[in-house]
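The next block holds one structure in the form of structure tokens; read it before the comments.
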Amino acid sequence: MAWLRVTEALRAPVGADVTVKGWVRTRRDSKADGGLSFIALHDGSCFDTIQVVAKGDLSNYAGEVAKLTTGCAVECDGVIVQNPKGGNEIGASAVRVVGWVDDPDHYPIQPKPHSFEYLREVAHLRARTNTFGAVARVRHCLAMAVHRFFHERGFYYVHTPIITASDCEGAGQMFRVSTLDTMRPLPRVDKEAQRAEAKEHCKDLAAKANMPPWTYGQVDHSGDFFGKEAHLTVSGQLNVETYCMALSRVYTFGPTFRAENSNTARHLAEFWMIEPEIAFADLAADAQLAEDLLKHLFRTVLEERADDMKFFAERIEKTAVERLRMIVDKPFLRVTYTDGIAVLEDAIRKGKTFEFPVRWGSDLQSEHERFLTEEHFKQPVILTNYPKGIKAFYMRLDDGCEPDRQTVSAMDVLCPGIGEIIGGSQREERLDKLDARLEEMNLNKDDYWWYRDLRRYGTVPHAGFGLGFERIVQFITGMQNIRDVIPFPRAPGQAEF
RNA sequence: UCCCCGAUAGCUCAAUGGUAGAGCGGCCGGCUGUUAACCGGCAGGUUCUAGGUUCGAGUCCUAGUCGGGGAGCCA
């Protein structure tokens with residue numbers, strides 16, 4: 001008897017002998033025909049369950065089948081039959097219980113709607129719900145689609161490091177990576193005892209001349225694992241640029257870390273980021289790549305996960321499918337920052353009020369971005385050419401700007417409902433200009449020695465962007481909280497599981 | 001980090017400062033090719049923690065912990 005996954009069994013020909021294996025979602029009983037039970041079985045292979053019909057003549061019917069509860073693991077042999085109301089079901093010839101649910105009254109996943117807040121507290125079991133199963137399949141589908149997109153276009157997947165000793169990425173607070181702390185007294189609950197212990201520890205350390213002084217002043221990292229300060233990466237961009245300057249088209253797709261104490265439905269301390277980098281390319285090519293990638297992802301998920309997307313549209317976000325279809329069908333708008341400001345100022349003249357002021361030179365607030373993409377243009381917009389004062393040092397200065405309106409070749413892709421989903425730029429490939437920017441921003445040139453080398457040895461115009469993977473999963477599924485689109489969310493004060 | 005809101009049965013929520021309840025889930029029974037099934041019964045509680053006010057606190061006050069929404073930062 002062939003073991004089929006549920007998705008295969010649902011499409012198997014009537015009359016086929018099959019075995020399915022999975023977990024019970026619900027069981028309903030009937031007294032007809034001397035007793036029978038309907039078991040909805042899921043195995044993660046698709047959104048739908050398959051109904052297994054187990055009759056009272058099974059040897060273990062009263063003893064086991066009739067006692068199955070939500071979450072039990074079973075193997076069922078049987079024949080594919082047509083359900084009176086349409087679709088395949090399985091007429092069971094055997095139901096083997098592989099794993100019982102201990103104490104069903106307290107099994108955390110009940111056959112009823114649960115709040116997402118609650119399910120976060122049982123993250124080890126939440127994949128068994130239809131929502132989290134659907135999110136997991138969509139997430140996988142998107143990850144595969146990202147690799148396929150780049151592979152088909154001649155990009156190489158570059159593994160950039162997770163641990164970095166270059167403190168120069170400048171994208172927010174970083175997590176320290178160190179083996180030093182275990183050499184220092186750890187904080188104790190009993191502060192008196194700790195002080196006493198610390199004193200002793202100082203004496204011990206002083207006795208050992210080769211130990212780093214740590215009690216006062218700056219920590220000496222020469223004795224640390226890497227011989228200098230190290231952190232978890234906040235971006236693979238600077239590293240991936242080095243490979244771009246040899247392999248022309250590259251991308252990195254991996255975890256990134258931000259130690260910022262930001263507590264929102266759109267931020268994680270650990271998230272996955274996709275960062276392509278293209279050589280011999282300008283901002284326009286970069287924007288086109290971003291648009292092509294997003295559309296490819298939307299098309300793929302609509303095609304390959306139609307079952308899950310139907311669920312998201314029915315239960316999570318009504319427009320989930322419809323808005324992806326719309327976006328796929330028309331070109332993204334390109335609007336300069338300066339024109340965007342003009343649109344906002346015009347809206348204010350017409351009576352629109354914003355909490356924050358609109359002024360050329362300041363960064364757009366989320367309310368401004370939301371107005372542009374949701375109310376004014378009502379579609380994805382690529383905003384380009386931002387003032388240099390609000391952007392990173394590595395972004396290329398635009399040529400021919402007025403002195404007090406200097407912009408850089410940066411872009412943000414704004415999507416209705418989620419805001420900024422992609423941030424990118426053409427990179428500054430001219431060493432003199434890059435050095436001037438480093439100086440302007442009080443950054444130490446020596447810290448960027450290898451990054452500057454790229455501008456000394458065969459520099460070319462190049463560009464790239466960063467796409468937050470969870471943000472795109474959020475946008476596609478309509479899930480409100482980013483903690484529900486990653487299996488094990490990491491956020492301030494949250495590292496359970 | 002800032003502002004606002006919340007925490008009561010396994011889950012979702014009620015309860016004027018005066019006996020702690022319902023729906024769902026679980027268990028038992030009835031009915032039924034059922035499918036968010038339906039009907040009846042039973043079990044299930046240190047009302048987040050620590051203090052305080054009061055004759056009396058789930059309810060009021062203080063502090064803390066955790067969670068949610070919004071903002072900032074950003075992806």
Side-chain angles (χ1 to χ4, degrees), chain A residues 25-41 48-55 66-67 69-71 81-87 89 91 101-122 125 129-130 170-173 234-237 255-275 315 355-356 363-367 369-370 390-392 412-415 418-424 465-475 480-486 491-494 496:
Chain A
R25 180 146 291 149
T26 59
R27 190 200 87 234
R28 290 173 296 276
D29 302 322
S30 171
K31 284 293 187 310
D33 300 340
L36 72 165
S37 290
F38 302 96
I39 300 161
L41 197 74
D48 291 314
T49 54
I50 193 162
Q51 177 159 285
V52 175
V53 183
K55 299 208 165 155
K67 289 178 179 164
T69 56
T70 302
V81 296
Q82 182 85 29
N83 183 290
K85 289 180 182 169
E89 62 179 30
V101 163
D102 183 41
D103 190 9
D105 188 24
H106 290 82
Y107 178 55
I109 308 297
Q110 298 169 359
K112 57 165 281 179
H114 289 292
S115 67
F116 295 142
E117 295 80 23
Y118 166 70
L119 290 171
R120 263 168 239 154
E121 293 168 11
V122 287
L125 301 172
T129 64
N130 49 22
Q173 289 289 105
V234 295
S235 163
Q237 182 200 316
T256 49
F257 306 86
R258 304 280 163 91
E260 261 137 25
N261 188 12
S262 59
N263 221 306
T264 81
R266 295 178 306 282
H267 291 84
L268 289 166
E270 176 182 289
F271 64 99
W272 288 64
M273 195 153 58
I274 298 148
E275 296 174 287
R315 293 294 181 85
E355 192 187 335
F356 292 91
D363 210 352
L364 296 180
Q365 301 293 316
S366 8
E367 59 170 345
E369 295 182 345
R370 243 182 288 125
I390 55 172
K391 289 292 178 184
D412 281 354
V413 180
L414 309 180
C415 278
I418 191 141
E420 183 190 334
I421 199 163
I422 282 181
F465 61 80
L467 167 60
F469 188 55
E470 284 73 21
R471 292 267 175 94
I472 197 84
V473 179
Q474 250 191 302
F475 177 69
Q480 295 288 304
N481 197 307
I482 199 164
R483 295 169 195 200
D484 298 328
V485 297
I486 187 167
Q494 212 176 29
E496 191 66 48

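In what follows, every chain begins at residue 1, and chains take the letters A, B, ... in the order their sequences are listed.
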Without swapping roles, check the side chain of A:S37 against the backbone of A:D29 for a donor-acceptor pair under 3.5 Å. no

Near A:D102 CG, under 6.0 Å, is it more than 12 heavy atoms from other residues, nucleotides or ligands? no

Say you pick atom C1' in B:C2 and the same atom in B:A43; how far apart are they, in whole Å? 47 Å

Between B:A9 and B:A50, how many Å separate the two C1' atoms, rounded to a whole number? 24 Å

Distance check needed: B:A37 C1' versus A:K85 NZ, whole Å only. 10 Å

For the pair made of CG in A:N261 and P in B:C2, what is the distance, rounded to whole Å? 9 Å

Which part of the nucleic acid, if any, lies within contact of A:I421, taking any heavy atom under 4.0 Å across all strands shown: a base, the sugar-phosphate backbone alone, or nothing? sugar-phosphate

Side chains of A:V122 and A:H114: closer than 4.5 Å at any heavy-atom pair? no

Distance check: side-chain N/O of A:R120 vs OP1/OP2 of B:G68, anything under 4.0 Å? yes

Suppose we call a contact any N or O donor and acceptor under 3.5 Å apart; does that hold for the side chain of A:H114 and the base of B:C11? no

Under 4.0 Å between a side-chain N/O of A:T264 and OP1 or OP2 of B:C73, yes or no? no

Phosphate oxygens OP1/OP2 of B:U12: is one of them under 4.0 Å from a side-chain N or O of A:S115? yes

Using a cut-off of 4.0 Å on non-hydrogen atoms, how would the nucleic acid contact of A:Q51 be classed: base, sugar-phosphate, or nothing? base

Which is true for A:H267 with a 4.0 Å heavy-atom rule: it touches a base, it touches only sugar-phosphate, or it touches nothing? base

Could you check whether the side chain of A:Q480 and the base of B:G68 have a donor-acceptor pair of N or O atoms closer than 3.5 Å, going by distance alone? no

If you pin A:R315 and A:L364 to their nearest nucleotides in RNA chain B, which one's is more 5'? A:R315

Do the side chains of A:Q51 and A:R28 get nearer than 4.5 Å, heavy atoms only? yes

Mark up nucleotides 24-29 of chain B, 5' to 3', with B wherever a protein heavy atom is under 4.0 angstrom from a base atom, S wherever such an atom reaches only the sugar-phosphate, and - elsewhere. BBSS--

Report which part of the nucleic acid A:T26 touches: base, sugar-phosphate, or nothing (heavy-atom distance under 4.0 Å, all strands). nothing

For A:E89, report the nucleic acid contact type (base, sugar-phosphate, nothing); a contact means any heavy atom under 4.0 Å. base

Using atom CD of A:E420 as one end and atom C1' of B:C73 as the other, report the distance to the nearest whole Å. 11 Å

Within a strict 4.5 Å, meaning less than it, do heavy atoms of the A:T70 and A:V101 side chains meet? no

Can you tell me which stems involve RNA chain B, if a stem is defined as three or more consecutive Watson-Crick or G-U wobble pairs, both distances under 3.5 Å? B:1-7 with B:65-71, B:10-13 with B:21-24, B:26-30 with B:38-42, B:48-52 with B:60-64

With a 4.0 Å cut-off on heavy atoms, is A:T49 in touch with a base, just the backbone sugar-phosphate, or nothing at all? nothing

Measure the distance from CG on A:D363 to P on B:C73 and round it to the nearest whole Å. 7 Å

Between C1' on B:C73 and CD1 on A:I390, what's the gap in Å once rounded to a whole number? 14 Å

Does A:N263 make a side-chain N or O approach to OP1 or OP2 of B:A71 shorter than 4.0 Å? no

Please work out if A:E121 contacts a base, only the sugar-phosphate, or nothing of the nucleic acid, heavy-atom cut-off 4.0 Å. nothing

Using a 4.0 Å heavy-atom cut-off across all strands, classify A:F356 as base, sugar-phosphate, or nothing. sugar-phosphate

Is any side-chain N or O of A:R28 closer than 4.0 Å to OP1 or OP2 of B:U35? no

Tell me the interatomic distance from A:R266, atom CZ, to B:C73, atom P, rounded to whole angstroms. 11 Å

Are any side-chain N or O atoms of A:R120 and backbone N or O atoms of A:D484, one a donor and one an acceptor, separated by less than 3.5 Å? no

Sugar-phosphate only, base, or nothing, as touched by A:Y118 at under 4.0 Å among non-hydrogen atoms: sugar-phosphate

Report which part of the nucleic acid A:E355 touches: base, sugar-phosphate, or nothing (heavy-atom distance under 4.0 Å, all strands). nothing

Any donor-acceptor N/O pair under 3.5 Å between B:U1 base and A:E260 side chain: no

As an exercise, state the distance from CD of A:E369 to CG of A:L414, rounded to the nearest 0.5 Å. 5.0 Å

Just so I know, are the side chains of A:N130 and A:R315 near enough to count as touching, which here means a heavy-atom distance under 4.5 Å? no

Rounded to the nearest Å, what distance is computed from the CD atom of residue A:E117 to the P atom of nucleotide B:C11? 13 Å

Please report the distance separating the C1' of B:C31 from the corresponding atom of B:C39, rounded so that it comes out in whole Å. 8 Å

Would A:Q494 and A:R483 count as a side chain to side chain donor-acceptor pair (under 3.5 Å) if you check the C-alpha gap in whole Å, the side-chain angles of each, and the deciding distance to 0.1 Å? CA-CA 10 Å; A:Q494 212 176 29; A:R483 295 169 195 200; 3.1 Å; yes

Which whole-number value in Å describes the distance from A:I109 CD1 to B:C11 P? 11 Å

Ignoring hydrogens and geometry beyond distance, is the side chain of A:N83 in donor-acceptor contact with the base of B:U34 at under 3.5 Å? yes

